[in-house]
Participant: 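Below you'll find the structure I mean.
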Protein chains: 2
Amino acid sequence: MATPTIRSVAELAGVSTATVSRALTHPEKLRPDTRRRVLEAVERLGFVPNRQAVDFRRQATKTVILLVRDITNPFYLDIYKGVEEFAFEAGYKVLMGDARYDDARIAHYVDMVRNKQADGLIVMTGWIPEALRQSLPPIVIALQMIADLDLPMVHIDNAAAARLAVEHLIGLGHTRIVNLTGPMHEMIDLERNRGYREALEAAGLPFDPALEIAGNFRLASGQAAMRDLLASGIPFSAIFSNSDEMAVGAITELHASGRRVPEDVSVVGFDDTVFASAVDPGLTTIRQPQHEIGRSAMRMLIGILEDRPAAPGRIELPVELMVRGTTAPAITAPARLRAQ
Amino acid sequence: MATPTIRSVAELAGVSTATVSRALTHPEKLRPDTRRRVLEAVERLGFVPNRQAVDFRRQATKTVILLVRDITNPFYLDIYKGVEEFAFEAGYKVLMGDARYDDARIAHYVDMVRNKQADGLIVMTGWIPEALRQSLPPIVIALQMIADLDLPMVHIDNAAAARLAVEHLIGLGHTRIVNLTGPMHEMIDLERNRGYREALEAAGLPFDPALEIAGNFRLASGQAAMRDLLASGIPFSAIFSNSDEMAVGAITELHASGRRVPEDVSVVGFDDTVFASAVDPGLTTIRQPQHEIGRSAMRMLIGILEDRPAAPGRIELPVELMVRGTTAPAITAPARLRAQ
DNA sequence: ATGAAAGCGCTAACAC
DNA sequence: GTGTTAGCGCTTTCAT
């Protein structure tokens with residue numbers, strides 16, 4: 001038996017298709033008995049409106065693309081959840097988009113809006129190819145600012161977050177604090193480094209370029225950075241890492257060299273991902289509100305799509321310092337000073 | 001300027017819309033000069049076919065839903081990647097579906113196929129509500145068998161994988177091996193436990209029910225299980241955990257009690273997720289081919305949707321034992337025997 | 001309050 | 001080889 005259409009319902013109820021449509025979308029416009037008759041027919045046939053036809057007719061897709069830089073990054077997990085959650089509530093669908101640092105893939109997903117496969121995108125790649133920039137579809141940028149592009153955005157204050165982390169270490173008496181950064185190409189990375197320097201300066205601590213080491217946010221790069229630093233013999237008692245993953249890598253390497261965390265070295269991460277709980281003791285880190293970032297980005301995009309008046313241009317969400325087991329007071333005994 | 005439609009192209013090229021359609025989908029059916037003329041017009045106007053209209057006309061959506069049990073579980077990360085990757089190659093889109101252990105949400109996503117919002121689903125929930133079972137849309141079950149339901153499926157041999165893990169421990173001389181299980185409701189859990197028992201039996205080792213401890217796959221339950229076991233004083237020298245997360249939780253607790261891994265206790269996990277690399281030393285574990293599971297599930301579903309002849313009913317993918325740092329030979333000295 | 005009819009943009013018989 | 005035409009299933013004017 002073929003799936004019922006609005007026509008079969010109309011015939012069974014003895015009304016026009018227009019009336020069936022009204023019964024379902026503007027029931028108050030119908031006389032109660034007509035409405036009842038139609039709804040009965042709908043029930044009898046098990047009619048469900050064909051969303052594809054509805055959307056086509058309405059020239060909307062009720063679909064948004066969530067475009068991330070690397071779909072396998074655990075950082076996104078709670079963002080996925082927040083995005084899906086708000087979309088679900090609002091009757092929208094979410095398409096998975098994996099950019100893989102590939103301009104062609106980004107272009108592909110952006111084009112899907114032109115093709116009418118989606119109404120807009122949430123972009124978390126930190127990058128939009130030049131070629132696409134002149135005519136962008138409805139878009140919300142999350143997490144990463146994109147230089148020279150003034151688009152709706154949801155983000156955190158990375159510099160302030162970094163200050164929070166470093167002030168925590170300074171408060172524990174640390175004075176030689178490492179900053180494990182990413183490749184320093186991107187805003188988030190640069191901002192975190194700026195916050196690190198500002199905290200140092202505000203505390204009157206000297207800035208030592210030798211304590212800034214670049215990785216690539218991933219675990220192995222944290223290990224490598226630590227290996228180099230340890231080999232160099234440069235003294236330090238704490239690490240502020242621009243990602244949890246590098247922080248975990250650094251801890252692994254510290255352990256391998258016989259050092260203890262936090263007794264010998266304190267470590268603070270960034271993100272509060274699954275890595276933070278996997279490490280023992282729990283990693284002290286900056287918690288980003290991933291779930292809320294996802295929800296806000298989705299809310300914002302839908303606001304733009306549905307042309308709500310108060311759709312704000314920029315949302316800044318608060319971070320939180322999660323003090324766990326990898327930070328402890330610095331050893332101030334002369335023995336340590338001599339070792340330096 | 002309005003976006004060009006197939007009609008504007010037809011007018012510019014001086015042909016019918018049918019010819020434009022052919023030029024784009026069956027170019028070999030046109031005379032070269034007509035084709036060239038049309039393609040020129042397409043180029044000039046920057047025409048891109050409206051996929052929504054194409055799909056509507058073709059009565060397909062080129063969309064599949066990836067329905068998982070809990071979208072934030074890091075285990076899915078590489079599955080997401082594999083699914084998105086194959087879909088991308090095949091011209092399909094992937095919708096994110098989060099079941100959250102909620103029948104209503106599962107029903108919602110299954111209904112989206114009836115509504116023509118998607119062509120089919122990949123289901124990784126381990127559960128389909130009774131009410132939906134009589135008329136299921138095109139579907140592929142991944143990872144979890146669903147009892148009483150003979151559906152296309154991609155999975156691993158969980159019992160064999162567990163045997164592999166336990167045989168590794170037995171090979172190292174361990175005789176008192178714990179199995180940290182899930183709630184023992186689900187096939188994957190029961191199968192892994194079966195493999196554990198079979199490996200014991202095959203090696204002529206006694207089976208001790210006190211060594212089977214149920215958690216819920218999450219980290220904290222691994223800690224709790226270990227705390228209880230340690231408190232009970234029951235002797236053991238190795239752990240086979242049905243998930244990486246519980247394995248990591250167990251290790252944390254072992255460390256907290258002053259035990260070393262692998263010197264005092266060997267630990268094997270299951271899944272090879274991000275948790276396995278976060279732990280120090282690296283977790284010995286069973287690697288599931290998540291990426292390939294994702295690709296295969298997608299390939300299989302598309303095969304079904306496009307009615308390919310050779311769409312197989314069931315795919316079993318191989319697992320691999322990743323021997324890393326958390327397993328070592330059992331201490332066989334009399335000292336240890338006495339301690340028991 | 002309800003119906004008739006147009007049409008969203010495209011494809012695929014079916015003609016010629 | 002190309003054009004004509006009839007829809008896909010629905011919503012929404014515009015009449016009545």
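First the proteins, then the strands, lettered A, B, ... as listed; each starts at 1. These numbers were taken from a predicted model, which means no experiment stands behind them.
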Participant: How long is the line joining CD of B:Glu11 and P of D:dT2, in whole Å?
Facilitator: 18 Å
Participant: Taking the side chain from A:Thr63 and the backbone from A:Thr61, do they hold a donor-acceptor pair closer than 3.5 Å?
Facilitator: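 Checked: pair present.
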Participant: Rounded to whole Å, please give me the gap between NZ in B:Lys29 and C1' in D:dG3.
Facilitator: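 One finds 14 Å between C1' of D:dG3 and NZ of B:Lys29, rounded.
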Participant: Return the value, rounded to whole Å, for the distance between atom CD of B:Glu28 and atom C1' of D:dT2.
Facilitator: 15 Å
Participant: If you take atom types as modelled and just measure distance, does the side chain of A:Arg22 reach the base of C:dG3 with a donor-acceptor pair under 3.5 Å?
Facilitator: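 It does, because a donor-acceptor pair links the side chain of A:Arg22 to the base of C:dG3 below 3.5 Å.
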Participant: Is B:Phe56 stacked against the base of D:dC8, taking the criterion as centroid distance under 5.5 angstrom and interplanar angle under 30°?
Facilitator: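 Stacking is present between D:dC8 and B:Phe56, given that their ring centres fall under 5.5 Å apart and the planes under 30°.
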Participant: Just the rounded figure in Å: distance from P of D:dC10 to CG of B:Asn115.
Facilitator: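 Checked: the CG to P distance equals 11 Å.
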Participant: Tell me whether the OP1 or OP2 atom of D:dT11 has a side-chain N or O from A:Gln59 closer than 4.0 Å.
Facilitator: no
Participant: If you measure only the distance, is there a donor-acceptor pair under 3.5 Å linking the side chains of A:Ser135 and A:Arg114?
Facilitator: yes
Participant: Of all the choices, C:dT2, D:dC10, D:dG3, which nucleotide is nearest to the side chain of B:Ala18 once you look at every atom?
Facilitator: D:dG3
Participant: What I want to check is whether an N or O donor and acceptor connect the side chain of B:Arg57 with the base of D:dG9 at under 3.5 Å.
Facilitator: no
Participant: Under 3.5 Å, is there a donor on one side chain and an acceptor on the other for A:Thr273 and A:Asp271?
Facilitator: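 Their side chains do not contain a donor-acceptor pair, so the 3.5 Å distance test is not met.
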Participant: Once you round it to whole Å, what is the distance between C1' of D:dG7 and CG of B:Asp55?
Facilitator: 17 Å
Participant: With DNA chain D as reference, determine whether B:Arg58 or B:Thr34 sits nearer its 5' end, using the nearest nucleotide of each.
Facilitator: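 The residue closer to the strand's 5' end, by nearest nucleotide, is B:Thr34.
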Participant: The side chain of A:Pro49 is closest to which nucleotide in this list: C:dA5, C:dG9, D:dC10?
Facilitator: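 The answer is D:dC10.
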Participant: Calculate the interatomic distance between A:Lys62 atom NZ and D:dT11 atom P; express it in whole Å.
Facilitator: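 Between P of D:dT11 and NZ of A:Lys62: 13 Å.
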Participant: State which of D:dT11, D:dC10, D:dG3 makes the closest approach to the side chain of B:Thr19.
Facilitator: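 The listed nucleotide nearest to B:Thr19's side chain is D:dG3.
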Participant: Nearest whole Å is fine: how far is C:dC8 C1' from A:Asp119 CG?
Facilitator: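 After rounding, the gap between these two atoms is 15 Å.
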Participant: Starting at atom CD of B:Gln117, determine the distance to atom P of D:dG9, rounded to an integer number of angstrom.
Facilitator: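 The answer, rounded to whole Å, is 16 Å.
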Participant: Checking B:Asp78 against A:Thr72: is there a side-chain donor and acceptor pair closer than 3.5 Å?
Facilitator: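 No, B:Asp78 and A:Thr72 have no side-chain donor paired with an acceptor closer than 3.5 Å.
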Participant: Which pair of heavy atoms, one from A:Pro138 and one from A:Leu305, lies closest together, and at what distance?
Facilitator: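 Taking A:Pro138 first and A:Leu305 second, the nearest heavy atoms are CB-CD2, 3.6 Å.
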Participant: Is B:Val15 touching bases, backbone alone, or none of the nucleic acid, heavy atoms closer than 4.0 Å?
Facilitator: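 Touches sugar-phosphate only.
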